[in-house]
**Student:** 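Sharing a structure below in structure tokens format, with a few things to ask.
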Amino acid sequence: MDKIDSLDRKILEIVMYNARIPSKDVAVDCGVSRAAIHQRIQRMIDLGVITGSGYHVNPKSLGFSTCTYIGVNLESGSMYRKVVPELEKIPEIVECHFTTGPYSMLLKLYARDNEHLMELLNGKIQTIPGVKGTETLISLDNSIVRELPVDMNMQG
């Protein structure tokens, strides 16, 4: 990946907290032209530094009040590639990680309630060939949600 310079970092610090900010405002804050901002942002998208944009929707507003993390144990780690396509068919799963530690995989999903969660676990996740077992952790509260600070690797 090409090096990200100080102007890129300044742009990232601004847009990662407000993707809807007008380019002209970013340009003023950075002391460059609006065209330069557009070029820099497009370059960072092309490089994979910026991986998305859009709105974050609160799952509770859609009726999904239960946030759950599920540790999944597979019959063997190599089954990961066969299990993931099956998990992708379950829209309530919003994250899937292949992990080290006590689980082969860690899932994050949203359910309407405990009954819906039980349907997802017993009727979908645990029936996938290769899934040996699961452990469910229900999130009671989400205390921190943030992006990694842009200048993190520059700190002591």
Side-chain angles (χ1 to χ4, degrees), residues 1-74 77-113 116-117 120 124-125 128 134-156:
M1 179 172 9
D2 289 344
K3 188 166 175 65
I4 301 301
D5 66 18
S6 60
L7 177 57
D8 292 330
R9 289 180 188 282
K10 187 166 186 174
I11 293 167
L12 286 171
E13 286 174 1
I14 296 167
V15 300
M16 68 190 252
Y17 295 107
N18 181 4
R20 296 184 301 170
I21 189 169
S23 295
K24 67 178 179 60
D25 293 351
V26 179
V28 168
D29 286 352
C30 293
V32 297
S33 71
R34 188 173 5 185
I37 297 301
H38 283 289
Q39 290 170 348
R40 292 290 185 123
I41 289 175
Q42 187 58 55
R43 180 176 149 272
M44 288 188 281
I45 290 170
D46 294 344
L47 291 172
V49 174
I50 297 174
T51 58
S53 65
Y55 299 102
H56 295 281
V57 178
N58 181 348
K60 289 182 181 180
S61 68
L62 300 176
F64 291 83
S65 59
T66 303
C67 175
T68 307
Y69 294 87
I70 300 173
V72 177
N73 285 309
L74 302 177
S78 63
M79 299 205 71
Y80 176 73
R81 294 189 198 292
K82 292 180 181 176
V83 171
V84 169
E86 297 304 311
L87 293 171
E88 287 176 334
K89 296 175 184 175
I90 305 170
E92 293 89 347
I93 296 174
V94 297
E95 290 184 28
C96 174
H97 302 268
F98 190 41
T99 62
T100 62
Y103 311 115
S104 306
M105 304 169 76
L106 186 64
L107 310 177
K108 179 180 179 181
L109 66 79
Y110 288 96
R112 289 185 298 276
D113 51 32
H116 183 215
L117 175 59
L120 292 169
K124 294 188 178 182
I125 296 169
I128 296 171
T134 60
E135 184 172 348
T136 305
L137 305 162
I138 295 176
S139 171
L140 300 175
D141 188 27
N142 186 349
S143 304
I144 299 172
V145 177
R146 62 181 170 204
E147 296 292 328
L148 189 63
V150 174
D151 63 351
M152 189 72 160
N153 65 349
M154 298 178 81
Q155 295 177 356

**Student:** So do His116 and Thr66 actually touch side chain to side chain, heavy atoms under 4.5 Å?
**Tutor:**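 No, side chains not in contact.
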**Student:** Considering non-hydrogen atoms only, spot the tightest contact between Arg34 and Ser23 and give its length.
**Tutor:**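 So the two residues come closest at CG-CB, 3.5 Å.
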**Student:** Using a 4.5 Å cut-off on heavy atoms from C-beta on, say whether the side chain of Glu95 contacts that of Tyr69.
**Tutor:**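 A side-chain contact under 4.5 Å is absent here.
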**Student:** Please report the interatomic distance CD1(Ile11) to CD1(Ile37), rounded to the nearest 0.5 Å.
**Tutor:**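 Reported to 0.5 Å precision, the distance equals 3.5 Å.
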**Student:** Determine, stepwise, if the pair Ile14 / Cys30 fulfils side chain to side chain contact (heavy atoms under 4.5 Å, CB included).
**Tutor:** CA-CA 9 Å; Ile14 296 167; Cys30 293; 3.9 Å; yes
**Student:** What is the distance from atom CD1 of Ile128 to atom CG of Leu87, rounded to the nearest 0.5 Å?
**Tutor:**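 The CG atom of Leu87 is 4.0 Å from CD1 of Ile128, to the nearest 0.5 Å.
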**Student:** Can you tell if the side chain of Cys96 reaches within under 4.5 Å of the side chain of Leu107, non-hydrogen atoms only?
**Tutor:**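 Side-chain contact under 4.5 Å: yes.
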**Student:** List the steps, then state whether side chain to side chain contact (heavy atoms under 4.5 Å, CB included) holds for Leu109 with Ile125.
**Tutor:** CA-CA 11 Å; Leu109 66 79; Ile125 296 169; 3.7 Å; yes
**Student:** Would you say Thr134's side chain and Gly71's backbone share a donor-acceptor pair under 3.5 angstrom?
**Tutor:**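 Judged by distance alone, no pair lies under 3.5 Å.
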**Student:** Check whether Asp8 reaches the backbone of Asp5 with its side chain - one donor and one acceptor, N or O, closer than 3.5 Å.
**Tutor:**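 Side chain of Asp8 to backbone of Asp5, a donor-acceptor pair under 3.5 Å: yes, one is there.
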**Student:** Determine whether Ile4 and Val150 make a side-chain contact, defined as any pair of heavy atoms from C-beta on separated by less than 4.5 Å.
**Tutor:**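 With C-beta onward as the side chain, the pair stays apart.
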**Student:** How long is the straight-line distance from NZ of Lys108 back to CD1 of Ile93, given to the nearest 0.5 Å?
**Tutor:**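 The CD1 atom of Ile93 sits 13.0 Å away from the NZ atom of Lys108.
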**Student:** Using every non-hydrogen atom in the two residues, find where Gly77 and Leu74 come nearest and quote the distance to one decimal.
**Tutor:**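 It is O-CD1, 4.3 Å.
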**Student:** How long is the gap from CD1 on Ile21 to CE on Met16, to the nearest 0.5 Å?
**Tutor:**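 So the CD1 of Ile21 and the CE of Met16 are separated by 13.5 Å.
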**Student:** Which atoms form the tightest heavy-atom contact between Glu92 and Phe64, and what is the distance?
**Tutor:**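 What the structure gives for the nearest pair is CG-CE2, 4.0 Å.
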**Student:** State, yes or no, whether a side-chain contact exists between Val32 and Arg40 at a heavy-atom distance under 4.5 Å.
**Tutor:**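 The answer is no, as the side chains (C-beta and beyond) never meet within the 4.5 Å cut-off.
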**Student:** Kindly state each residue pair satisfying ring pair (Phe, Tyr, Trp, His ring centres under 6.0 Å) with at least one member in residues 91-111, sequence neighbours excluded.
**Tutor:**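 Matches after skipping sequence neighbours: Tyr80-Phe98.
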**Student:** Find out whether Val84 and Met105 are in side-chain contact, i.e. whether some heavy atom of one side chain is under 4.5 Å from a heavy atom of the other.
**Tutor:**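 Yes, at least one pair of side-chain atoms sits under 4.5 Å.
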**Student:** Working to the nearest 0.5 angstrom, can you tell me the gap between Asn18 CG and Glu13 CD?
**Tutor:**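 Result: 14.5 Å between the selected atoms.
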**Student:** Just verifying a value: how many Å separate Asp46 CG and Ile41 CD1, rounded to the nearest 0.5 Å?
**Tutor:**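 Those atoms lie 12.0 Å apart.
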**Student:** Do any N or O atoms from the side chain of Lys89 and from the backbone of Lys124 form a donor-acceptor pair under 3.5 angstrom?
**Tutor:**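 No; zero donor-acceptor contacts below 3.5 Å.
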